[in-house]
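Below you'll find the structure, written out as structure tokens, and then a few comments.
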Amino acid sequence: MPIIEVENLSKIYRTQKRLPGLGGAFKGLFNRKYTEVRAVDGVSFNIEEGELVGFLGPNGAGKTTTLKMLSGILYPTTGTAKVMGFTPWERKNEYRRQFALVMGQKNQLWWDLPAQESLYLNKEIYGVTDEAYKEVLDEMTELLQVKKLLGIMVRELSLGERMKFELIASLLHRPRVLFMDEPTIGLDVVAQKNIREFIKDYNRRTKTTILLTSHYMNDIQALCERVVVINHGKKIFDGRLDDVVEKFSQSKIISVTFKTGEITKEKLQAMGEVLEYTQVKAVLKVLRENVKKVSNELLTGFDVDDINIEEVPIEEVIEKVFKGSEVMK
Amino acid sequence: MSASSTTIQPRSPFHKYWVILSTRTQEDMSYRANYVFGAIFRFMPLVTTIFLWYAVYEARKAGGGDSSIRGMSYEDMVAYYALMFIARGFSSVPGTMTDIMKDIKDGLLNRYLTRPMNYLMYQIMYRLAHKLVFWYVALFTFPPIFFLMRHFFSHTPRLVEVIAFIFSLVIAFSIGMLFCFIIGILAFWFLEISTFLFVVMMIEFFLSGHLIPLNILPAALQPFLTYSPFGYEGYWPCVILMGKVPQDHLPALLGIGILWIGILFGISQVMWKAGLKRYSAVGG
Amino acid sequence: MPTTIGKYFRLTGLMMKNCLVREMQFKSNFLVRLFTEFMWLVMQFIYIQVMYGQTGQIAGWTKWDMIILMGTNHVITQLFEGLFYENCTKLTDQIRQGDLDFNLIKPINTQFLVSLRYTDYSSMANTSVGLFIILYALRQMGMTVGLSGVLLFLVLVVNSVLIYYSILFSLSIWTFWIGRSNNLMELYWQFGQFSRYPGDIYPWLLRRLLMTIIPMLVVSNFPAKVLIHKMETGLVFYGFVLGLVFVAFTVWLWGKGLQRYRSASS
């Protein structure tokens, strides 16, 4: 049985339409108009225990809103969701003791206190025993290399250090399900890598189910085998990360090196889009259905030293998908 | 004469201030419920005042005492507190001191200094915007409330009193604004000044006659109390409209008010210049 | 059950400790706020002084009766401000800016968490000024209060603080519906006005109103009347029932409001 089951989940916001100018503002005082925004529009998916799933989509696609509904922060407009058998927005204590939410853009640590005070407060709130607390704290501060920073005011920590403590604060009670919303946002490359590795390792060791959003493709590529892609509130893809490319990109990349420089650019252009061209090396972007034909042509017609067929880089594909290209429907 | 003598034609020197005013107003308006809410509940203290002073006057009469206190009947007393809402509606500019302090302390002042506008002028326009919204809403809330209270106003003001009243409101706003500005720019010198703001506001609340009519305070203190700049923020506009000031005293009275504006303006300019020097020396 | 209650008390203690640590970093702030509240008392005292300069009693209340009322009101408002006020005002921002998220996912009553997070120690300290005023006035009057009176007074004070809390908390979570409510502070001052004076000065209808929907008289007059031996037993019961109703309403409204929470991202 899946640990997370989401069925037809929707969230519709009503926002006030503002009339322009000073006159409009005065009018707005008595007469308001509203517009509906479908932040999440009929999304369904299942996640099995222990999976690490990436949630992909451009800004405002509805990723965060979905995570917040699964955390019980927001009530859905329609649809159902079960996490570990609980309906999240009922906010049962039993449910809340078993999951955690990490948000890169919001913090739960007390600003004017050392991080350890906030951690201890969380320990008490979650009812973690003294031994368990000590064990988790030792382990995590060791792994994330922040043991020495426990006594420093949170406001004096760097963003990366703060994020590490946010992570620890969320994992103290050893949640079975972990939601992460942009956990690496704004961090420098090193801190990003640290956190990424930590998440991967944590998922492998503890079999914690993780659902993660990030707009850094690096994060997703390093962490997730499976991704759910959502755009304009609708799910447009659910499957292996590699398959995203297959589904949304009609082209492949062929790189060839020649023993002799006999081929002209014109000949190559007839086969596909030329991305790179020198006397002995060329990179081509070729439509999927033509790949076989083109590689045959190359191998038989020219003196090929090496040939390599690759998928289009995932960032490029995803970017295209987000831009709302024709492949969506 | 230079070759290209094209200059950017400003729509009017005041256009930029109008833009500030209009944008601020729009921001304020978008929170409708709050404004209506606030505008109605503003009058709540009047209810207590009406009944509390009624009890005081009744107890006085029952004890065989005079039915007026220092020339103020019960009706006068209530009318005074009601008119105070109008006077303070002009002279109190909430948030001004804190905003100015914030601008100075957080270095935001640079934003204004680099632009071709006067900071005091900017603040005045900004607050006028607030006042505009305030009075727009008040247009709907004040008349019914004053109509309900009409029998407390036993004096029908003469034209000259109305004119003096309007004049005194302009003075009230100017003094209120300048006072806030002066306190606000104290932040150039004192770091922790913002914590004293409440004390300052309380003093203003008391000295303007908002809490207690200045004329029923001990007689020995009255010249100092009434003719202080604070007296013009509340006490004088009220008693002028109530007809308690002899007509021939009005010009001198308003003259002193204008004198105070001049003095406060002078102080503010001297302080502003000295403050700026200090500001740039420290590095803002 | 007892362990749950114990947990909540422990958490309250922990949050108060955290606030104390925080407060220690801003000592001058603490002193200034202490002074501000004191000034406010002085102004109220002048007001009372001026009124009683005109007459010996107001609606059957002597000057010292009135000062006891002032002291009682001070104790209650300061206790309320110390424990809840900052939380209520911060709450409107938290709702608007979407900062409730982490409170909502904790396995503990969310209302408890957001209501008691911040403690204002200067107000807590000011409570003692109120108590001092009460004791001084009682001495001036030559009055004594028995042990049962003191206990009843204290329980009523707690009840009043909870009523204040319910009203302000309900007002601040209006933000769920109207988007902003920064007139909260003003409303608090304006409602508070009614609790500063004896209910006897108000006409019948207003007095009923102030005993029920806006129970400002229950809040201050009831405990004060216990001290000056003017309290009726029936009213004591009424006061507690009212407190219960208000707290229950707040809990209900909070649940309704959360359904409208938008969790805006900054």
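Each chain gets a letter, A, B and so on, in the order the sequences are listed, and its residues count up from 1.
Remark: A:Lys234 NZ is loosely packed, at most 12 non-hydrogen atoms of other residues, nucleotides or ligands lying under 6.0 Å away. Applying the 6.0 Å contact sphere to CD of A:Glu49 captures more than 12 heavy atoms from other residues, nucleotides or ligands. Within 6.0 Å of the CZ atom in C:Phe35, the count of heavy atoms belonging to other residues, nucleotides or ligands does not exceed 12. Atom CZ of C:Arg22 is surrounded by more than 12 heavy atoms from other residues, nucleotides or ligands within 6.0 Å.
The shortest non-hydrogen separation linking C:Ser263 to A:Leu74 is CB-CD2, 3.8 Å.
Put simply, of C:Asp101, C:Asn103, C:Leu11, the one with the most heavy-atom pairs under 4.5 Å next to chain A is C:Asp101. Contact count against chain A (heavy-atom pairs under 4.5 Å) is highest for C:Leu14 among C:Val21, C:Asn109, C:Leu14. In terms of non-hydrogen atom pairs under 4.5 Å with chain C, the most contact-rich of A:Tyr120, A:Trp111, A:Trp89 is A:Tyr120.
The backbone N or O of C:Phe102 sits nowhere less than 3.5 Å from a side-chain atom of A:Lys106 that would complete a donor-acceptor pair. Side chain of A:Arg91 to main chain of C:Lys106: no donor-acceptor pair is present (N/O by atom type, distance under 3.5 Å, no hydrogens or angles).
When side chains are defined from C-beta on, C:Arg117 counts as touching A:Trp110, because their heavy atoms get closer than 4.5 Å.
Proximity to chain A involves both the backbone and the side chain of C:Arg262, based on heavy atoms less than 4.5 angstrom apart. Of the two parts of A:Arg97, the backbone and the side chain both hold a non-hydrogen atom closer than 4.5 Å to a non-hydrogen atom of chain C. Proximity to chain A (any heavy atom under 4.5 Å) is restricted, for C:Arg10, to the side chain, taken from C-beta onward. No part of C:Leu100 comes within reach of chain A, as not one of its non-hydrogen atoms sits under 4.5 angstrom from that chain. Proximity to chain A (any heavy atom under 4.5 Å) is restricted, for C:Gln25, to the side chain, taken from C-beta onward.
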Should A:Asp112 and C:Asn18 be marked as a side chain to side chain contact (heavy atoms under 4.5 Å, CB included) after you check the CA-CA gap, both sets of side-chain angles, and the distance that decides it?
-> CA-CA 9 Å; A:Asp112 295 316; C:Asn18 280 356; over 6 Å; no
Given side chain to side chain contact (heavy atoms under 4.5 Å, CB included), test C:Leu113 with A:Ile125 step by step and report yes or no.
-> CA-CA 10 Å; C:Leu113 211 55; A:Ile125 289 175; 3.9 Å; yes
Could you walk me through whether C:Thr110 and A:Arg96 pass side chain to side chain contact (heavy atoms under 4.5 Å, CB included), step by step?
-> CA-CA 11 Å; C:Thr110 312; A:Arg96 295 193 289 189; 3.3 Å; yes
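Along residues 151-187 of chain A, the residues that come nearer than 4.5 angstrom to chain C, judged on non-hydrogen atoms, are A:Met153, A:Arg155, A:Glu166 in order of number.
With rounding to the nearest 0.5 angstrom, the CD atom of A:Gln108 is 12.0 Å from the CG atom of C:Asp99.
Looking at A:Glu124 and C:Lys7, no side-chain N of the basic residue comes within less than 4.0 Å of a carboxylate O on the acidic one, giving no salt bridge.
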